[in-house]
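The structure appears below as structure tokens.
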Amino acid sequence: MIRRGFMKAEWIYIHDMKNYIDKKVEFRGWLANRRSSGKIQFLQLRDGSGFIQAVVELSRVGEDVFNSSSALKMESSLTLIGTVVKNERAPNGIELLAEDVKVVGIPNEDYPISKKDHGIDFLMDNRHLWLRSKRQFHILNIRHNIIKATRDFYNNRDFTLVDTPIFTGSIGETAGNLFEIDYFDYGKVYLTQTGQLYLEAAAMSLGKVYNLGPTFRAEKSKTRRHLIEFWMNEAEVAYYRHEDNMKLQEDLVSYIVKHVLENCAESLSALERNTSVLEKVQAPFPRITYTEAVKLLQKKGFDIKWGDDIGADEETGVAKEFDKPVIVEKYPRELKAFYMQPDPENPQVVMCDDMLAPEGYGEIIGASERIWEKDVLIDSLKSKKLPVEGYQWYLDLREYGSVPHSGFGMGIERVVAWLCGLEHIREAIPFARTLYRVYP
RNA sequence: UCCGGAUUAGCUCAGCGGUAGAGCGGAUGGCUGUUAACCAUUAGGUCGGGGGUUCGAGCCCCUCAUCCGGAGCCA
């Protein structure tokens, strides 16, 4: 039998097909799964914009088309002409009644990811294919929307985007957890673990600034909350004090959550995320001081005393007390970085805050008012045993027109994991770099 | 780095010191409304490597490797 020419119709994405009921359209995409029943086949299709079922009936398409459709294996690529019809029996309420099917590519090998369970090691080895699955599709969609909301939030408030460098000198925090790179004849440089110091410089030019980019921590962290390479949004505002800073963080997180609830309902539902807890996330958030947190934890039976850091279990213990993100402020000076402004009312603590997500998702923001007086900063560097001479340009910021300023960093993947309800942060980024894994 | 756990078919896992198992996936056949479709048949294994105990080891012991989970650090 001679194969007739492929029919013609307008190429429509699945996402838009609901607007084409009873119209003939062309689908271009992949076969995610199939169920067949002799003279009828149900193709589960995806095209990057969503998922839809196509029905291929032998009596409608003829033997030729039916057979080429039968030859499709998992993750074959194809185009298909069909009519969009409403049908209650279809997974999304609409389906494609196929009229013509054209094979683009059929794999020779079996597709490694099947419908049944897989172990995490296998899935991570096949991350390049795992991304095609429904769950990963929805997680990445939410991640995209979190990043979009973050940018919108700052842009709406007249912040200026300032891209901070990836290669840096040793300036920053402690040098032990930095990745070292050979930089031609210059010698050693490091992959950034924060753009903060650069943002402070930019804030003195542009007032309100933010960045969004990758950061690197050479820490042998092996937990569900840690990545070696992760994306961070940082903001820095001239003349902002501690209080202004906390307000900005609350507004940002509220904005992101609202945006995701409004724009990602389908994805949240596909991930079976309980959205009622997310709907409560509106500013203002509860705030407690470090000192109060320690007392609270002691009352709950934790072995902690003033001056100890708040570990993972303790964080969850604090966060459990609230149904919104909670801000823990004013930590002991010894626990925190050199650039944080001491509290004028109690120099033992600094004007910093951590925002802890609910449901045990941990710290999503770390923030502080920065020291702006040059001599105080030099004293702080010395007391932390850091080389003052290495901070020349940073000290210049305190020499020329120094002003109070504050800022913070928000971990994108932590927010993604929280909003998606993920058990592990490695699903919150397309290609996770964890301890001992850089493949694929 | 420390503390736990795991390693058996392509994948997920059972397996009591005595002939190597299931589900999924693959192949073949059946079925015009499937929803992780179903039914039948079938192929598929040096039980992570090395050493030891034993008449006999997937199972017990030692060792190495890899992976997973947790802690510290942090976002």
Side-chain angles (χ1 to χ4, degrees), chain A residues 32-44 51 53-61 66 73-75 85 87-93 95 97 107-126 129-130 133-135 173-174 176-178 193-196 212-234 249 253 308-315 331 335-337 354-357 361-367 408-418 423-426 428-429 434-437:
Chain A
N33 190 19
R34 66 113 52 72
R35 291 179 280 273
S36 66
S37 183
K39 299 189 175 67
I40 185 169
Q41 300 168 23
F42 299 93
L43 308 180
Q44 308 303 319
F51 297 81
Q53 167 174 282
V55 185
V56 185
E57 295 174 330
L58 176 59
S59 59
R60 176 179 295 268
V61 299
F66 195 81
K73 307 201 305 192
M74 290 268 283
E75 286 302 323
V85 296
N87 194 320
E88 281 176 10
R89 293 170 293 188
N92 300 330
E95 63 187 14
L97 207 48
N108 292 315
E109 308 275 340
D110 294 338
Y111 192 62
I113 298 179
S114 69
K115 285 171 276 190
K116 279 275 181 160
D117 294 341
H118 292 286
I120 192 58
D121 194 34
F122 177 81
L123 288 171
M124 288 305 285
D125 279 344
N126 288 284
L129 303 174
W130 188 23
S133 75
K134 227 174 208 175
R135 176 181 164 82
E173 301 179 33
T174 45
N177 51 1
L178 291 162
Q193 54 173 293
T194 171
Q196 180 201 315
L212 180 58
T215 52
F216 309 87
R217 302 277 164 95
E219 285 285 340
K220 293 201 168 180
S221 298
K222 258 184 99 159
T223 81
R224 66 180 70 189
R225 292 186 306 280
H226 287 88
L227 292 167
I228 304 301
E229 174 185 308
F230 67 97
W231 283 62
M232 184 157 68
N233 156 241
E234 296 173 283
Q249 297 157 40
V253 172
D308 291 346
D309 208 352
I310 296 183
D313 287 349
E314 288 82 11
E315 268 184 9
Y331 282 67
L335 295 179
K336 291 293 180 177
D354 286 352
M355 188 188 290
L356 309 181
Y361 280 97
E363 185 183 340
I364 51 172
I365 284 178
F408 63 88
M410 177 179 72
I412 296 294
E413 289 78 16
R414 292 252 177 108
V415 175
V416 175
W418 166 43
E423 285 191 3
H424 199 295
I425 198 166
R426 68 184 148 222
I429 186 167
T434 53
L435 203 54
Y436 310 129
R437 176 179 289 283

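Order of the sequence lines fixes the chain letters, A, B, ..., with proteins taken first and strands second; residue numbering starts at 1 for each chain. All values derive from a computational prediction rather than experimental measurement.
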Quick test: give all pairs of protein nitrogen or oxygen and nucleotides 5-12 of chain B nitrogen or oxygen below 3.5 Å, distance rounded to 0.1 Å.
unit_1	atom_1	unit_2	atom_2	d
B:C11	O2'	A:Asp117	O	3.4
B:C11	O2'	A:His118	ND1	2.3
B:U12	OP1	A:Gly119	N	3.0
B:U12	O4'	A:Asp117	O	3.0

Could you tell me how far apart [X] ([atom1]) and [N] ([atom2]) are, to the nearest whole angstrom?
X        : N     : atom1 : atom2 : result
A:Glu219 : B:C2  : CD    : P     : 16 Å
A:Leu58  : B:C31 : CG    : P     : 11 Å
A:Glu315 : B:G70 : CD    : P     : 14 Å
A:Leu435 : B:C68 : CG    : P     : 9 Å
A:Ile425 : B:C74 : CD1   : P     : 16 Å

Would you indicate, yes or no, if [N] has its OP1 or OP2 atom less than 4.0 angstrom from a side-chain nitrogen or oxygen of [X]?
X        : N     : answer
A:His226 : B:G72 : no
A:Lys220 : B:U1  : yes
A:Arg426 : B:G69 : yes

May I ask you to say what [X] touches in the nucleic acid, namely base, sugar-phosphate or nothing, with a heavy-atom cut-off under 4.0 Å?
X        : result
A:Glu95  : base
A:Leu227 : base
A:Gly362 : nothing
A:Asn33  : sugar-phosphate
A:Glu413 : nothing
A:Glu229 : nothing
A:Asp309 : sugar-phosphate

Find the partner of [N]: check Watson-Crick (N1-N3 plus N6-O4 or O6-N4) and G-U wobble (N1-O2, O6-N3) distances, both under 3.5 Å, and reply none if neither fits.
N     : value
B:A71 : B:U1
B:U41 : B:A27
B:G33 : none
B:C13 : B:G21

Can you tell me how far [atom1] in [N] sits from the matching atom in [M], rounded to whole Å?
N     : M     : atom1 : value
B:G25 : B:A40 : P     : 14 Å
B:A43 : B:G21 : C1'   : 16 Å
B:G56 : B:G18 : C1'   : 7 Å
B:C59 : B:G23 : C1'   : 23 Å
B:A22 : B:C39 : P     : 15 Å
B:C68 : B:C13 : P     : 13 Å
B:U28 : B:C64 : C1'   : 45 Å
B:G15 : B:G45 : C1'   : 14 Å

Go through the N and O atoms of the side chain of [X] and the base of [N], and report whether any donor-acceptor pair is under 3.5 Å.
X        : N     : value
A:Gln41  : B:U34 : no
A:Ser36  : B:U34 : no
A:Arg224 : B:C68 : no

Under the criteria of a ring-centre distance below 5.5 Å and an interplanar angle below 30°, is A:Phe230 stacked with the base of B:A75? yes
Indicate whether the side chain of [X] and that of [Y] have a donor and an acceptor atom separated by less than 3.5 Å.
X        : Y        : result
A:Thr215 : A:Glu229 : no
A:Gln41  : A:Arg35  : no
A:Tyr331 : A:Asp354 : yes
A:Gln53  : A:Gln44  : yes

On RNA chain B, more 5' by nearest nucleotide between A:Arg414 and A:Tyr436 is A:Tyr436
Quick check: on RNA chain B, is the nucleotide nearest A:Arg60 upstream (toward 5') of the one nearest A:Arg225, or the reverse? Name the residue that is more 5'. A:Arg60
Check whether NZ of the Lys or CZ of the Arg A:Lys134 lies under 6.0 Å from the centre of the six-membered ring of A:Phe51 and within 45 degrees of that ring's axis. yes
Output all residues satisfying salt bridge (Lys or Arg N to Asp or Glu O under 4.0 Å) with A:Asp313, sequence neighbours left out; order by chain, then residue number. none
What's the shortest heavy-atom distance between A:Glu234 and A:Gly409, and which atoms? CG-CA, 3.8 Å
Side chain of [X]: nearest nucleotide among [options]?
X       : options             : answer
A:Lys73 : B:C73, B:G69, B:A27 : B:A27
A:Ser59 : B:C67, B:C73, B:U32 : B:U32
A:Ser37 : B:U32, B:G26, B:C74 : B:U32

So, applying side chain to side chain contact (heavy atoms under 4.5 Å, CB included) with A:Arg414, which one of A:Ile365, A:Ile364, A:Leu227 is it? A:Ile364
Just how far is it from atom CD of A:Glu413 to atom CE of A:Met232, taken to the nearest 0.5 Å? 10.5 Å
Determine yes or no for a side-chain-to-main-chain donor-acceptor pair under 3.5 angstrom, with A:Thr223 supplying the side chain and A:Arg225 the backbone. yes
